[in-house]
Amino acid sequence: MSHLSEEQLMLHYYREGDESRHLDSCPACRNEFAALQAALDAADDLPVPERGAGYGGEVWRRIAPRIAARPRTRVIQFPRWAAIAAVAAMLLLAFYAGRFSRGPQPAPATAIPAEVRERILRVTVGDHLERSQRVLAEVVNSEDPVEPERVEGLLSENRLYRQAARREGNVPVTILLEELERVLLEVAHAVPDDRGRVRRLIESEGILFKVRVAGSTLRDKEKIWKVKSWL
Amino acid sequence: MEWTDQEAVERVRTGDSDAFRVIVERHSRNLFRLAFRMTGNEPDAEDCVQETFLRAYRQIRAFDGRSSLRTWLYCIAANYSRDLIRMRQRRQERIQPPDAEAGDRIEALPAQAPLPDRVAWSGQVREILGTAMDRLSPLERSAFVLRHHEGKRLEEIGAILGIQPNAAKQSVFRAVQKLRRALQPAMGVR
């Protein structure tokens, strides 16, 4: 009698196959199945942290501002100057909103002051946007593939900055980094045949333009801050 | 008012973003469990839950109702988790090579061992399993979680992960083999 394969035993375990008759009559396969069963049953014990009944409400509170901020209908094409002004205004608004919307609770002694946090975010995100802009421009304009490590590095950074911007309640920067992350993911996972599609995606999302405008706004703000600090 | 998922989706499509709250509150806990099992850590799981809902909201018009809303959300979460795992594994590979000795760290437990030893042993088994799960490829891990923990059929797993059912079966099978091999020293199985 031929014995059951490991794959057949697995399918039997998951009830995607029925080998009961063979198992009833074959002690060797029965032992093998018991061993597989013990190993897979152990996976049931892997702990998962519990989330309470109010968890859905918590998630909603975290994402609701971003849903409210997101346009639901197709975006109308504005002239370029209007887009630049809008992005700049959103960034300014976000920074000042962040500065003045803190609640009355006292900051812990070790907390980094809001102004410093703001500046760190401004400098690091500005630098990140500049590097992302270079990579996206290479994808659009060059036939040479971009080194995967560069894109992976940008993705990792992007994720960190997006989380930081979200924590700071900086909705425009969060949304911009979210859009950038989607495009970087496409670039990272694109095979050579996908290059045309990825280029079209970059162009249709206008992400290169948004990144350029936001990066330049952040740099301008940093210059103003430096001039003010010298006076 | 208690809307069905489909009713809530229809309302979101007509511009009622509050209806999306019903969807978020109804599915968050299940999505967190799935995301935690797929990513193996809380910050990534939290990130995955939020990102899943944001993507779902953006793409709500693409939901055609052929699968349940829950399956559609699982699809988004599973694919986002795979991206997270892929990025994390590439980062780790650059930092440190895989630890080939991890599977040999524990001894098999005699069947009649006293209770404290048994408790310690099961803790070690969990640790080995956790490490072994982290070493699965993103596809293997996703397919295994969907089959083993979520009870999805292979056809459903294929649909969720965008692969053929046979590829889903092979992914689950490879995951099972790897987990089993990792547990051999602890469980004294072949």
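All chains are named by letter (A, B, ...) in the order of the sequence lines, taking the proteins before the strands, and each is independently numbered beginning at 1.
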> Within the 4.5 Å heavy-atom criterion, are B:Arg70 and B:Leu31 side-chain neighbours or not?
no

> I'd like to know which of B:Arg33, B:Arg153, B:His149 tops the heavy-atom pair count under 4.5 Å against chain A.
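Option with the greatest count: B:Arg153.
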
> Could you check which of B:Met133, B:Gln177, B:Glu51, B:Glu42 has the highest count of heavy-atom pairs closer than 4.5 Å to chain A?
B:Glu42

> Could you tell me which portion of B:Leu179 (side chain, backbone, both or neither) has an atom closer than 4.5 angstrom to a non-hydrogen atom of chain A?
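Contact with chain A is absent: no heavy atom of B:Leu179 under 4.5 Å.
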
> State, without any angle test, whether B:Asp16 and B:Thr14 hold a side-chain donor-acceptor pair at a distance under 3.5 Å.
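Their side chains do not contain a donor-acceptor pair, so the 3.5 Å distance test is not met.
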
> Check whether more than 12 heavy atoms from other residues, nucleotides or ligands sit under 6.0 Å from atom CD of B:Gln164, and answer yes or no.
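Open.
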
> Below 4.5 Å from any heavy atom of chain A, which atoms of B:Gln50 appear? Answer side chain, backbone, both or neither.
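Backbone plus side chain of B:Gln50, per the 4.5 Å heavy-atom cut-off to chain A.
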
> Given that the side chain runs from C-beta out, which part of A:Asp44 has a heavy atom under 4.5 Å from chain B: side chain, backbone, both or neither?
both

> Please classify the contact of B:Phe20 with chain A as side chain, backbone, both or neither, using a heavy-atom distance under 4.5 Å.
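For B:Phe20, heavy atoms of backbone and side chain both lie under 4.5 Å from chain A.
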
> Report which part of B:Arg26 has an atom under 4.5 Å of a heavy atom belonging to chain A: side chain, backbone, both, or neither.
neither

> Of the backbone (N, CA, C, O) and the side chain (C-beta and beyond), which part of B:Phe173 lies under 4.5 Å from a heavy atom of chain A, both, or neither?
both

> Name the region of B:His148, side chain, backbone, both or neither, that has any atom closer than 4.5 Å to a heavy atom of chain A.
both

> State, with a plain yes or no, whether a side-chain heavy atom of B:Lys152 is found less than 4.5 Å away from one of B:Thr71.
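A side-chain contact under 4.5 Å exists here.
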
> Just how far is it from atom CG of A:Leu184 to atom CG of A:Leu136, taken to the nearest 0.5 Å?
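CG of A:Leu136 is found 5.5 Å from CG of A:Leu184.
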
> Under a 4.5 Å heavy-atom cut-off, does chain A meet the side chain of B:Asp44, its backbone, both or neither?
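Looking at B:Asp44, backbone and side chain both touch chain A.
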
> Hey, are B:Gln6 and B:Glu10 close enough side-chain-wise for a donor-acceptor pair under 3.5 Å?
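Yes.
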
> Taking the side chain as every heavy atom from C-beta outward, state whether A:Leu177 and A:His128 have any pair of such atoms under 4.5 Å apart.
yes

> By a 4.5 Å heavy-atom criterion (distance strictly below it), what part of A:Leu46 contacts chain B: side chain, backbone, both, or neither?
both

> For chain A, which candidate among B:His27, B:Glu46, B:Lys169 shows the most heavy-atom pairs at distances under 4.5 Å?
B:Glu46

> Could you tell me whether the side chain of B:Leu84 reaches within less than 4.5 Å of the side chain of B:Met38, counting heavy atoms only?
no

> Is it the case that the side chains of B:Tyr80 and B:Asp47 hold a donor-acceptor pair, with the cut-off being a distance below 3.5 Å and no angle test?
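Per modelled atom types, B:Asp47 and B:Tyr80 side chains form a pair under 3.5 Å.
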
> Under a 4.5 Å heavy-atom cutoff, which of A:Pro49, A:Ala42, A:Gly54 has the most pairs with chain B?
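The candidate making the most pairs under 4.5 Å is A:Pro49.
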
> Please classify the contact of B:Gln170 with chain A as side chain, backbone, both or neither, using a heavy-atom distance under 4.5 Å.
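Interface part for B:Gln170: side chain.
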
> Side chain from CB out, backbone as N, CA, C, O: work out which of these in A:Ala34 comes under 4.5 Å of a heavy atom of chain B, or both, or neither.
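Answer is neither: A:Ala34 stays 4.5 Å or more from chain B.
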
> Checking B:Arg147 side chain against B:Leu154 main chain: does a donor-acceptor pair fall under 3.5 Å?
no

> So for A:Glu58, is it side chain, backbone, both, or neither that comes closer than 4.5 Å to the heavy atoms of chain B?
neither

